[in-house]
Amino acid sequence: VPLFSTQLSLLYQGKPIFGLVFNPLTDQLYSGSAMTPTNINGRSVRVSQANKLSEAFIIGGISSHRENWEHDKSWIIAKYTKLVLECQRVRTLGSGGLCAAWVASGGMDALVYLTCEKPEEIFPGQALINFAGGVTELVDLPEVIGPRYIAGNEVLVRQLKEFLLS
């Protein structure tokens, strides 16, 4: 299944103040900024209000081509397995910007990257989620190389952070 998007973000003092993700297959343009709440083709959207991981539809990001894969592989597989058992549903999809856009629009409840992502790859989605009433966070973990990115509404982000730290 083809899954890709075009992404753009604008940073101010190191933080995304504008995000744009375009899905050419569905002709959907997601955009959001500090001045304009996140929208799809001009229609305002908000993050999901789901409040339990056990009832949430989560995107579990795993990229086996990341440089930390070999070091972190056992931890990633164990956490992913546990995530699948604790959540309503977990999907692993490509196109991080598009996945974040789905979280920003409430189509998915939250996302957690179990591999360490490059900051420039998450900035567009981070802006969309933040300007749709959501929360994004990088979580440092002692067992793995690099922080892990989580996003969604405040309640699910807190639960995902506890999950990662457990």
Side-chain angles (χ1 to χ4, degrees), residues 1-50 56-69 72 76 80 83 87 89-141 144-158 160-161 164:
V1 174
L3 186 61
F4 58 94
S5 63
T6 300
Q7 307 175 57
L8 178 71
S9 64
L10 177 64
L11 305 180
Y12 178 72
Q13 295 181 343
K15 295 188 179 192
I17 59 168
F18 171 78
L20 179 142
V21 174
F22 178 62
N23 181 350
L25 298 176
T26 61
D27 201 32
Q28 290 178 309
L29 179 66
Y30 299 79
S31 63
S33 73
M35 297 176 3
T36 306
T38 301
N39 66 83
I40 303 173
N41 296 339
R43 181 181 55 83
S44 284
V45 294
R46 301 284 294 170
V47 294
S48 160
Q49 294 306 303
F57 199 148
I58 304 292
I59 297 172
I62 297 175
S63 301
S64 61
H65 62 278
R66 296 289 184 220
E67 60 189 55
N68 63 323
W69 175 254
D72 297 347
I76 293 166
Y80 185 80
L83 189 68
C87 296
R89 186 166 291 166
V90 178
R91 290 287 185 256
T92 303
L93 305 166
S95 185
L98 192 51
C99 290
W102 292 334
V103 171
S105 67
M108 302 288 229
D109 296 315
L111 64 82
V112 55
Y113 280 99
L114 296 174
T115 47
C116 184
E117 300 301 306
K118 298 175 183 175
E120 62 273 13
E121 293 179 3
I122 62 174
F123 286 143
Q126 183 179 4
L128 293 177
I129 291 167
N130 289 342
F131 300 124
V135 177
T136 58
E137 188 172 341
L138 286 171
V139 180
D140 287 310
L141 304 164
V144 294
I145 298 171
R148 299 312 194 250
Y149 177 68
I150 54 178
N153 68 48
E154 189 174 338
V155 174
L156 289 181
V157 166
R158 185 176 61 249
L160 283 169
K161 184 174 183 178
L164 288 177

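Sequence positions, counted from 1, serve as the residue numbers for this chain.
With hydrogens and angles ignored, the 3.5 Å screen pairs a side-chain donor or acceptor of Thr92 with a backbone N or O of Gly60. No donor-acceptor pair closer than 3.5 Å links the side chain of Thr38 to the backbone N or O of Val45. With Asn153 contributing its side chain and Ala50 its backbone, the two residues share a donor-acceptor pair below 3.5 Å. Under the 3.5 Å distance criterion, the side-chain polar atoms of Asp109 are matched with a main-chain donor or acceptor of Phe57. One N or O on the side chain of Arg148 and one on the backbone of Gly146 form a donor-acceptor pair closer than 3.5 Å. The backbone N or O of Ser63 sits less than 3.5 Å from a side-chain atom of Thr115, completing a donor-acceptor pair.
Between Trp102 and Leu111, every side-chain heavy-atom pair lies at or beyond the 4.5 Å cut-off. You'll find the side chain of Leu83 reaches within 4.5 Å of the side chain of Leu160, heavy atoms only. Looking only at side-chain heavy atoms (C-beta outward), Arg66 and Lys118 come within less than 4.5 Å of each other. Counting only heavy atoms from C-beta outward, the side chains of Val139 and Pro147 never approach each other to under 4.5 Å. Side chains of Ile122 and Leu138 form a contact here, defined as non-hydrogen atoms less than 4.5 Å apart. Asp27 is listed as a side-chain neighbour of Phe22, based on a closest heavy-atom distance under 4.5 Å. With contacts defined as side-chain heavy-atom distances shorter than 4.5 Å, the pair Asn39/Leu29 does not qualify. The side-chain heavy atoms of Met108 and Leu93, taken from C-beta on, include a pair separated by under 4.5 Å.
With rounding to the nearest 0.5 angstrom, the CD1 atom of Ile145 is 13.0 Å from the CH2 atom of Trp69. Atom-to-atom distance recorded for Gln7:CD and Asn23:CG is 11.0 Å, nearest 0.5 angstrom. To the nearest 0.5 Å, atom CD1 of residue Ile76 and atom SG of residue Cys116 are 9.5 Å apart. Distance CG/Leu20 to OG1/Thr6: 8.5 Å, rounded to 0.5 Å. In this structure, Ile58 CD1 and Tyr80 OH are separated by 11.0 Å, a value rounded to the nearest 0.5 Å. Going from atom CG of Leu98 over to atom OG1 of Thr26 covers 7.0 Å, rounded to the nearest 0.5 Å.
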Step by step, would you call Ile17 with Ser33 a side chain to side chain contact (heavy atoms under 4.5 Å, CB included)? CA-CA 5 Å; Ile17 59 168; Ser33 73; over 6 Å; no
For Asn68 and Val144, what are the C-alpha separation, side-chain angles and deciding distance, and is it a side chain to side chain contact (heavy atoms under 4.5 Å, CB included)? CA-CA 8 Å; Asn68 63 323; Val144 294; 5.7 Å; no
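The two residues Val157 and Glu137 come nearest to each other via the heavy atoms CG1-OE1, 4.0 Å. In plain terms, the two heavy atoms of Ser31 and Phe18 that are nearest each other are CB-CE1, 4.5 Å. Counting all heavy atoms, side chain and backbone alike, Cys99 lies closest to Ile59 at CB-CD1, 3.5 Å. Nearest heavy atoms, Val103 versus Gly152: CG1-CA, 4.0 Å. Contact detail for Gly125 and Ala100: the closest heavy-atom pair is CA-CB, 3.4 Å. Between Gly19 and Ala127 the shortest heavy-atom distance is N-CB, 3.5 Å.
Defined by atom type and a distance below 3.5 Å, a donor-acceptor pair is missing between the side-chain atoms of Ser5 and Tyr30.
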